[in-house]
Trainee: 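Below are the structure tokens for one structure; questions will follow.
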2 protein chains.
Amino acid sequence: MKSLSIKDIAVKANVSITTVSFIINGKAKEKSISEAVIEKVKKIIEESGYKPNQIARSLRTGNSNIIGLIIEDISNSFFSRIARLIEDKAYKKGYKIIYSSTENSVDKAKELINMFKSRKVDAYIISPIKGIEEDIQMLIDDGNPVILFDRNLPGIDTSYVGADHFNASYQSVESFIKQGKKNIALVTTDIDVQQITERYEGYKKALEDNGIPYNDDLVVKIHFNQEEAETMDEVEKLFKTKDIDAVLFATNYLAISGLKVLKQINKKISDEFSVIAYDDHEAFELHTPSVSVVQQPLEEIAENVIKLILKQLSSKTKLENQKIIIPARLIIRE
Amino acid sequence: MKSLSIKDIAVKANVSITTVSFIINGKAKEKSISEAVIEKVKKIIEESGYKPNQIARSLRTGNSNIIGLIIEDISNSFFSRIARLIEDKAYKKGYKIIYSSTENSVDKAKELINMFKSRKVDAYIISPIKGIEEDIQMLIDDGNPVILFDRNLPGIDTSYVGADHFNASYQSVESFIKQGKKNIALVTTDIDVQQITERYEGYKKALEDNGIPYNDDLVVKIHFNQEEAETMDEVEKLFKTKDIDAVLFATNYLAISGLKVLKQINKKISDEFSVIAYDDHEAFELHTPSVSVVQQPLEEIAENVIKLILKQLSSKTKLENQKIIIPARLIIRE
DNA sequence: CTGAAAGCGCTTACAG
DNA sequence: CTGAAAGCGCTTACAG
């Protein structure tokens with residue numbers, strides 16, 4: 001069954017397709033179409049259930065009312081929750097979101113950008129990885145609104161929204177030190193992205209500022225994408241061979257692996273052994289005892305991303321770039 | 001900066017756009033274009049970075065290589081993990097996925113279907129809710145491939161893939177009974193969808209088959225979308241006023257709220273008080289003590305959904321419908 | 001107050 | 001072996 005076209009409506013209403021188009025697009029008044037015609041056409045559209053073909057509209061107008069969202073992995077709860085918030089907020093303004101996961105692959109990220117480009121999305125929201133700077137720069141040069149979030153790409157001159165990873169990490173370590181901890185470990189990943197680097201820098205600086213020597217042996221960099229069993233082995237080794245009294249996990253999935261290890265080796269979180277996880281997760285509050293966390297300001301990140309995108313979308317000229325850094329919240333749970 | 005069109009390539013190569021189009025679409029051989037021309041055109045495409053406009057292609061061919069995925073809520077880990085698996089598998093076959101969340105709203109679900117329709121997606125994967133039967137039937141009548149998953153819509157004659165909710169629930173209750181439990185509660189939701197009803201029926205039937213009278217007081221139906229605090233109040237009331245020795249949670253988020261209550265009122269899971277959660281979640285294995293769960297076969301669900309969709313997509317004729325029910329796995333954790 | 005016509009960038013049946 | 005032309009379903013500048 002073929003669907004109706006604007007022509008079918010025009011024939012039924014005995015007017016031109018121009019008239020129908022004006023009515024559909026709310027330009028009837030402006031084009032001074034008579035009330036009678038407006039009524040008649042609207043009624044026919046209503047009754048027939050006609051929906052304009054958005055593909056044709058996009059081809060003609062060059063925009064799509066679609067925003068492309070590129071993230072690392074939709075099954076990661078940080079991203080899926082952000083995606084949901086962005087989706088909601090965009091939807092209310094008449095924009096749809098197409099998302100896709102890069103899985104931390106430069107090739108896939110480039111492909112996704114190309115796919116979005118060839119579908120003429122109106123704007124790009126990207127949680128970028130290293131290696132796609134050029135592709136992003138091309139989008140910007142072509143005049144597309146582009147916003148980076150979660151991770152900044154220092155060389156790229158565009159707007160960015162993200163949490164203050166450095167300070168969050170700094171404060172976490174400082175809170176350990178205030179509790180009297182001396183041997184503070186960091187479990188992080190080896191992905192070379194800014195937010196991970198910042199968490200590392202925050203850790204280092206906090207030690208330094210408090211006169212505790214940095215010890216490379218207490219920092220474990222887990223290879224991205226490796227089997228969880230392997231990760232757990234590495235963390236277990238850290239817990240067993242080093243004399244540590246506190247550990248900061250740089251991502252929530254690492255913290256979960258870490259907690260599994262603690263359970264396995266029957267080591268408890270206690271006054272003698274503190275844990276902070278970067279990025280909250282339902283498992284942490286529920287854990288016995290509860291795990292302290294750094295909460296990322298999801299709502300504010302999504303809010304700011306959408307606000308910037310919509311502002312750029314409704315402006316004829318390129319707006320000034322904004323780098324918005326939002327404080328994260330350290331939640332100490334007893 | 002305007003992007004290149006097929007015409008630009010044709011001009012550069014000094015051939016017609018027809019020839020360029022044939023080459024792009026791999027029909028060069030079939031149309032017996034000379035090797036020399038193929039080489040020349042390919043080189044120019046390569047060098048210029050030309051990407052065909054998919055919008056124009058869609059308008060012309062009527063298909064988009066896009067599959068629409070409609071789920072309840074992308075921030076729910078069951079859906080985000082399924083989405084990721086489906087995305088991966090579709091991507092390998094050259095299909096992209098557009099997803100959107102219905103948030104259990106009939107209106108939003110209808111709007112999403114309309115949006116997908118007007119974007120001419122090639123196929124629909126839908127985790128449906130009651131009230132959109134007509135809209136789905138229209139899609140099917142129009143000849144679109146449609147697959148339902150997770151929840152079936154009994155009246156609709158199309159393929160379906162989902163877990164065996166009835167048996168999973170039945171077995172959970174039976175395992176309680178084997179442990180000698182008599183007062184088995186069910187915490188479920190009031191959403192009127194098939195998979196929730198089946199979990200309820202499985203619970204009831206297992207009691208009946210084992211000679212335990214069904215007691216309505218032990219079944220709590222939580223209102224969907226209400227504040228978690230309210231949910232926790234209701235669960236707390238159940239735990240405090242009824243003398244129960246086992247509880248089955250019909251969804252993982254309800255189980256998480258339930259565990260929070262247990263923590264608050266300082267009640268422990270033990271030999272005297274067993275818990276099973278429907279749908280695994282990282283928090284459950286980590287919990288002290290670990291929580292038994294029903295694991296949904298995510299990988300198999302995604303695999304079967306994609307297989308059915310691709311088969312339908314590559315077939316000229318409408319294939320016979322298949323209802324694929326996959327057993328869930330009950331994992332008893334000590 | 002309304003319409004004929006061009007054009008967005010493709011694909012493809014047809015012609016040579 | 002290759003190309004001119006129609007057409008997918010819209011929008012919009014222009015004309016009357």
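Side chains are part of it too, since the values below use all heavy atoms of this structure and drop only hydrogens, waters and symmetry mates.
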Trainee: Considering residues at least two apart in sequence or located in another chain, which fulfil the side-chain hydrogen bond (donor to acceptor under 3.5 Å, both in side chains) criterion with A:Glu39?
Mentor: none
Trainee: Where do A:Ser100 and B:Glu87 land on the side-chain hydrogen bond (donor to acceptor under 3.5 Å, both in side chains) test, with the steps shown first?
Mentor: CA-CA 8 Å; A:Ser100 248; B:Glu87 186 188 359; 2.9 Å; yes
Trainee: Begin with the C-alpha distance, continue with both residues' side-chain angles, and end with the deciding distance and a verdict on salt bridge (charged side-chain N to carboxylate O under 4.0 Å, His left out) for B:Glu299 and B:Lys89.
Mentor: CA-CA 11 Å; B:Glu299 182 76 43; B:Lys89 291 174 204 294; 2.8 Å; yes
Trainee: Under 4.0 Å: is that the gap between some side-chain N or O of A:Tyr50 and OP1 or OP2 of D:dC10?
Mentor: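 The answer is yes; a side-chain N or O of A:Tyr50 sits under 4.0 Å from OP1 or OP2.
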Trainee: Roughly how many Å is it from CD1 in A:Ile17 to P in D:dG7, rounded to a whole number?
Mentor: 14 Å
Trainee: What is the separation between atom CD1 on A:Ile33 and atom P on C:dT2, rounded to the nearest whole Å?
Mentor: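 Checked: the CD1 to P distance equals 6 Å.
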Trainee: What's the spacing between A:Phe116 CZ and A:Glu111 CD if we round to 0.5 Å?
Mentor: 12.0 Å
Trainee: Output the single nucleotide from C:dG9, C:dG3, D:dT2 whose closest atom is nearest the side chain of B:Ala56.
Mentor: C:dG9
Trainee: Looking at CG of A:Asp122 and CG of A:Asn63, how far apart are the two atoms once the value is rounded to the nearest 0.5 Å?
Mentor: 4.5 Å
Trainee: Compute whether any side-chain donor of one residue and acceptor of the other, for A:Asn225 and A:Asn104, lie under 3.5 angstrom apart.
Mentor: no
Trainee: State whether B:Ser5 places a side-chain N or O below 4.0 Å from either non-bridging phosphate oxygen (OP1 or OP2) of C:dG9.
Mentor: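 No, because none of the side-chain N or O atoms of B:Ser5 sits under 4.0 Å from OP1 or OP2 of C:dG9.
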Trainee: Grab the CG-P distance between B:Leu4 and C:dG9 for me, whole Å please.
Mentor: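 In whole Å, C:dG9 P lies 11 Å from B:Leu4 CG.
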Trainee: Pairing of DNA chain C as dot-bracket, 5' to 3': ( ) intra-strand, [ ] crossing, | other strand, . unpaired, with Watson-Crick or G-U pairs under 3.5 Å?
Mentor: |||.||||||||.|||
Trainee: Grab the CD-C1' distance between A:Gln54 and D:dC10 for me, whole Å please.
Mentor: 10 Å
Trainee: To the nearest Å, give me how far apart CZ (A:Arg119) and C1' (C:dG9) are.
Mentor: 14 Å
Trainee: Pick the closest DNA chain D nucleotide for B:Leu59 and for A:Val20 by heavy atoms, then say which residue is nearer the 5' end.
Mentor: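 Nearest nucleotide further toward 5': that of B:Leu59.
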Trainee: Here's a test of your reading of the structure: between B:Ile55 and A:Thr19, which maps to the more 5' nucleotide of DNA chain C?
Mentor: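 So the residue in question is A:Thr19.
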Trainee: Within this structure, what is the NZ-to-P distance between B:Lys7 and C:dC8, rounded to whole angstrom?
Mentor: 7 Å
Trainee: Mind checking if B:Thr18 touches a base, just sugar-phosphate, or nothing, with heavy atoms under 4.0 Å?
Mentor: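 It contacts base atoms.
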Trainee: Just the rounded figure in Å: distance from P of C:dC14 to CZ of B:Phe22.
Mentor: 13 Å
Trainee: Looking at B:Asn25, does any N or O in its side chain come under 4.0 Å of the phosphate oxygens OP1/OP2 on C:dT11?
Mentor: yes
Trainee: Have a look at A:Arg60 and say if it touches a base, only the backbone sugar-phosphate, or nothing, with a 4.0 Å heavy-atom cut-off.
Mentor: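 Base, at least one base atom sits under 4.0 Å.
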Trainee: Return the nearest nucleotide to the side chain of B:Ile6; candidates are C:dT11, D:dG9, C:dG3.
Mentor: C:dT11
Trainee: Side chain of B:Ser21: nearest nucleotide among C:dT11, D:dT11, C:dG3?
Mentor: C:dT11
Trainee: Just wondering, more than 12 heavy atoms not from B:Lys42 lying within 6.0 Å of its NZ?
Mentor: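 No.
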Trainee: Within a radius of less than 6.0 Å around CD of A:Glu134, do more than 12 heavy atoms belonging to other residues, nucleotides or ligands occur?
Mentor: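 Not buried by this count: 12 neighbours or fewer within 6.0 Å.
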Trainee: Grab the CD1-C1' distance between A:Ile23 and D:dC10 for me, whole Å please.
Mentor: 15 Å
Trainee: Out of D:dT11, D:dG9, D:dC1, which has the shortest distance to the side chain of B:Ser34?
Mentor: D:dC1
